[in-house]
Structures are given as C-alpha cells and as structure tokens.
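In what follows, chains carry the letters A, B, and so on, assigned in the order in which the sequence lines appear, proteins first and then strands, with residues in each chain numbered from 1.
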2 protein chains.
Amino acid sequence: MRLNLEELYTRFRRHAVRLTRQRAAIYTALAETTSHPTADDLYQAVKRQHPMISRNTVYYTLGVLRHAGLVQEVNVGHEVARYDGNVMEHHHLICLGCRQIVDIMDEALNELAVSDRQTKGFHILGHRVEFHGYCAGCQ
Amino acid sequence: MRLNLEELYTRFRRHAVRLTRQRAAIYTALAETTSHPTADDLYQAVKRQHPMISRNTVYYTLGVLRHAGLVQEVNVGHEVARYDGNVMEHHHLICLGCRQIVDIMDEALNELAVSDRQTKGFHILGHRVEFHGYCAGCQ
DNA sequence: TGGCTACATAGGAATGATTCCTACATAACA
DNA sequence: TGTTATGTAGGAATCATTCCTATGTAGCCA
Ligand SMILES: [Mn+2]
Ligand SMILES: [Mn+2]
Ligand SMILES: [Zn+2]
Ligand SMILES: [Zn+2]
C-alpha cells in the first residue's frame, strides 16, 4: 500500500525515531512490499534514489526500526535475514524452492498455546509458526 | 538415554553412513543429551576423547547425519546453529534469557494445518512452531 | 586375512553477512 | 539560526561456516 510523507512522519514521530531521507526511503520500500526483502535487496532498491547510501545505514536503520517496533525480522533457518514491514501478528508460508515468504493472517494460529503440562515452567510471551512447502510456481 | 555400540552400528548401517570413531563420538554426544548443543559444544565435548578431532569433521559429520535423517538442525533466529538428536516430530520452547531450547512433544501441534483459504496454492510438507518466553530460572 | 578404493579427517584458508569504528553531516529543538 | 545529540558513509573487523587438499582409514572383495 502507498505511504505518504505525512503518514510516515506520524509513524516515526510516534515511535520517537528521527526521520531522515535514508530512513524514509528504507522504511517506505519495506512497508510497500509484501515480499520480505533482505537488507541487501533494500540497499539495492534505495540506492536508485540515494546513490551514496551505505549498507551500514541500511543495517543500522533496520535495527532502529525493529527496536521501535516499526519493522520485524523474519528468519528462515540460517539464510540471510529477511525484513517485514507488516508488524501485525501473523505467520508465514515458506517456499522450499524459490525461498519466497508469504504472509498467513490467521486468528487461530495467533491464538495457539502450549498445554500447561508442556510449558515446563516457562512464562510464554509469544510464538512463531512457519509452514514449509512448494509454492504454485515451484511444484 | 544411553546408546550402546551395537545400536549405533545398526542406526548408521540402516542409513548407509560409515561408522568412524569421530562420528560415533559426535552422534553419541548429541543423542544422549536433550540440550540442543551447538557444533562447537559438540567439538569441545568430543575433543576430550579425541584431542585431534577438527571442527571441520564435526561440521561435516553433522551434515552427513542430517542428510541421513539421524539428526536435525534447530535454528533460533540467526544465532549459531543448534543440533538435535531427537528426530521424532516435535517443537520447541525457547528461553529469551539463557537461550535454552526445550522439547515440546505435543500431538496437537504436530497436526497443525493452515486453512485452505490461506494456503495460497502452496503444497505444504511440514511446519515448525516455536514458543518464546522465559524459563523458570530466568523469570 | 590383506589390499583397494571411495570416502573421511585434519588443518588451514576463504567466505560473506553482519557488526564495529570513526570522522563528518544533519534533524530536531529552542 | 546555532547547538548538540544522533545519523551517515566507508572501510575494517568478526566469526560461524564452508572450501580446499594432502593424508588416513572403513568397508568390501578376492
Ligand atoms: Mn510477513
Ligand atoms: Mn528438540
Ligand atoms: Zn516457490
Ligand atoms: Zn532461561
């Protein structure tokens, strides 16, 4: 979905994150896609408008945004980190062929819990579910 | 659980994996713990009996055992890889404090599925669930 | 049982995503 | 508009894992 400057300004302000051209470009690129890009994908995309941007700025910014709760990291095994501008609670489908990651918005999955007998004394704060398989194109 | 040489021999034979002293030591160390050690944990443990073992042998062996289905890799975010000698279908509790990983054997979790509407044309082969929280000692 | 051969091991070098360092630039606030 | 805390660029460093290669040996067969 399209993101205007005013909305961007509001979101950053709300989380006390300084707004710079680089941050605006990185966050916008991420918020406007559902593809869960890597840091380098974002670097390549943002570089078109900001040829001097450094990879470090991308990593640093993603760290700041993640800390502020504006962005999520999605890790699939030990592959390179993927980022997600969708911070609503949701889970993922992962294609073993093309490595694409697709959102699953499913209330039942969000409400998943472990039976008390299995909790082993843990105080549970959250959970993550990923389904693995082959997408339509890779089957 | 304790693992005798004969059982070891049977398992390796069944999966057409050559049995060496190093492999026996690595696999035994892993199969006899529930702690999900790292490759380096295993290297340090095995080195007591095999002072000349190399880290490379540990990595190579874990790769072979994983390929044979005798061992699993468990990845928590981008932390160093953890290994699991329990190859039954199961899921994990992860402590955000001490990073310990605890098994959850729960049939309901094993049978989890995505609703067809959410499958997005994927052919699903498996899934993984992890619960995050603080263990009794870390709360 | 001894010899062959494909595969395993040790050790060291290479890799590569991410983090660290630091001098310079600039957003935010008054 | 000036001040200052924070962000940026660029390069070096990190470190788990993988790659390379010479030597060793498990498993098989005569
Ligand atoms: Mn997502
Ligand atoms: Mn386990
Ligand atoms: Zn695919
Ligand atoms: Zn703990």
Nearest heavy-atom pair of [X] and [Y]: which atoms, and what distance?
X	Y	value
A:Cys135	A:Cys98	SG-SG, 3.9 Å
A:Val58	A:Ala39	CG1-O, 3.6 Å
B:Glu32	B:Leu3	OE2-N, 3.1 Å
B:Thr57	B:Ile26	O-CD1, 4.1 Å
A:Leu8	A:Ala24	CD2-CB, 3.4 Å

Please report the end-to-end axis angle for the helix from C:dT1-D:dA30 to C:dA30-D:dT1, five pairs per end, rounded to 10 degrees.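 Inter-axis angle at the termini of the helix from C:dT1-D:dA30 to C:dA30-D:dT1: 40°.
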Send over the distance from A:Arg82 CZ to C:dA17 C1', rounded to a whole Å.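 Spelled out: CZ on A:Arg82 to C1' on C:dA17 is 15 Å.
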B:Phe12 CZ - D:dG27 P separation (whole Å):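 Rounding to the nearest Å, CZ of B:Phe12 and P of D:dG27 are 10 Å apart.
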Can you run down the salt bridge (charged side-chain N to carboxylate O under 4.0 Å, His left out) pairs that involve residues 44-63 of chain A, sequence neighbours left out, and say none if there aren't any?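 Sorted pair list: A:Asp40-A:Arg55.
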Is A:Leu42 close to A:Leu62 at the side-chain level, that is, under 4.5 Å between some pair of heavy atoms?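 A:Leu62 vs A:Leu42: side chains touch.
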Can you find a pair of side-chain heavy atoms, one from A:Val129 and one from A:Asp106, that are under 4.5 Å apart?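 A side-chain contact under 4.5 Å is absent here.
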Which pairs, protein N/O on one side and nucleotides 23-27 of chain C N/O on the other, fall under 3.5 Å?
residue : atom : partner : partner atom : Å
C:dA27  : O3'  : A:Leu19 : O            : 3.2

Using residues 76-84 of chain A as the side-chain source, report each donor-acceptor pair under 3.5 Å to any protein atom, sequence neighbours left out, with the distance given to one decimal.
residue : atom : partner : partner atom : Å
A:His78 : ND1  : B:Asn75 : ND2          : 3.2
A:His78 : NE2  : B:Asn75 : ND2          : 2.9
A:His78 : NE2  : B:Glu79 : O            : 2.7
A:Glu79 : OE2  : A:Arg99 : NE           : 2.9
A:Glu79 : OE2  : A:Arg99 : NH2          : 2.2
A:Arg82 : NE   : A:His36 : O            : 2.5
A:Arg82 : NH1  : A:Arg99 : O            : 3.0
A:Arg82 : NH2  : A:His36 : O            : 3.4
A:Arg82 : NH2  : A:Arg99 : O            : 3.3
A:Tyr83 : OH   : A:Glu73 : OE2          : 3.3
A:Asp84 : OD1  : A:Asn86 : N            : 2.8
A:Asp84 : OD2  : A:His36 : NE2          : 3.0
A:Asp84 : OD2  : A:His90 : NE2          : 3.0
A:Asp84 : OD2  : A:His92 : NE2          : 3.2

Whether B:Thr119 side chain and B:Phe122 backbone form a donor-acceptor pair below 3.5 Å: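 Between the backbone of B:Phe122 and the side chain of B:Thr119 there is no qualifying donor-acceptor contact (under 3.5 Å).
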According to side chain to side chain contact (heavy atoms under 4.5 Å, CB included), who are the partners of A:Asn4, at least two apart in sequence or on a separate chain?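 Checked A:Asn4 against side chain to side chain contact (heavy atoms under 4.5 Å, CB included); matches are A:Glu6, A:Glu7.
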Would you indicate, yes or no, if D:dA9 has its OP1 or OP2 atom less than 4.0 angstrom from a side-chain nitrogen or oxygen of A:Gln22?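 It does, given that an N or O in the side chain of A:Gln22 lies less than 4.0 Å from OP1 or OP2 of D:dA9.
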Acceptor/donor pairs from residues 12-21 of chain B side chains to any protein atom, 3.5 angstrom cut, sequence neighbours excluded:
residue : atom : partner : partner atom : Å
B:Arg13 : NH2  : B:Tyr9  : OH           : 2.9
B:His15 : ND1  : B:Ala68 : O            : 2.9
B:Thr20 : OG1  : B:Arg23 : N            : 3.1

With sequence neighbours excluded, tell me which residues meet side chain to side chain donor-acceptor pair (under 3.5 Å) with B:Gln22.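 Listed in chain order: nothing, the list is empty.
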Fellow cluster residues of A:Leu96, listed by chain then number, with links counted only when side-chain atoms sit under 4.5 Å apart: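 Answer for A:Leu96: A:Tyr134, B:Leu125.
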Identify every side-chain donor-acceptor pair in residues 107-114 of chain B under 3.5 Å, counting partners at least two apart or on other chains, and give the distances.
residue  : atom : partner : partner atom : Å
B:Asn110 : OD1  : B:His91 : NE2          : 3.4
B:Asn110 : ND2  : B:Glu89 : O            : 3.4

What residues from residues 65-77 of chain A pass a heavy-atom cutoff of under 4.0 Å to DNA chain C?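 Contacts with DNA chain C under 4.0 Å: none.
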Hey, can you pull the residues of residues 53-60 of chain B with a non-hydrogen atom under 4.0 angstrom from DNA chain D?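 B:Asn56, B:Tyr59 - these, ordered by number, are the residues of the stretch whose heavy atoms sit under 4.0 Å from the strand.
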Strand contacts (DNA chain D) in residues 38-52 of chain B, 4.0 angstrom heavy-atom criterion: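 Listed by number, there are none.
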In terms of the nearest nucleotide of DNA chain C, which residue is placed more toward the 5' end: B:His78 or B:Val64?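 On the 5' side of the pair lies B:Val64.
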Taking the nucleotide of DNA chain D with the nearest heavy atom to each, does A:Thr61 or B:Val17 sit closer to the 5' end?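 So the residue in question is A:Thr61.
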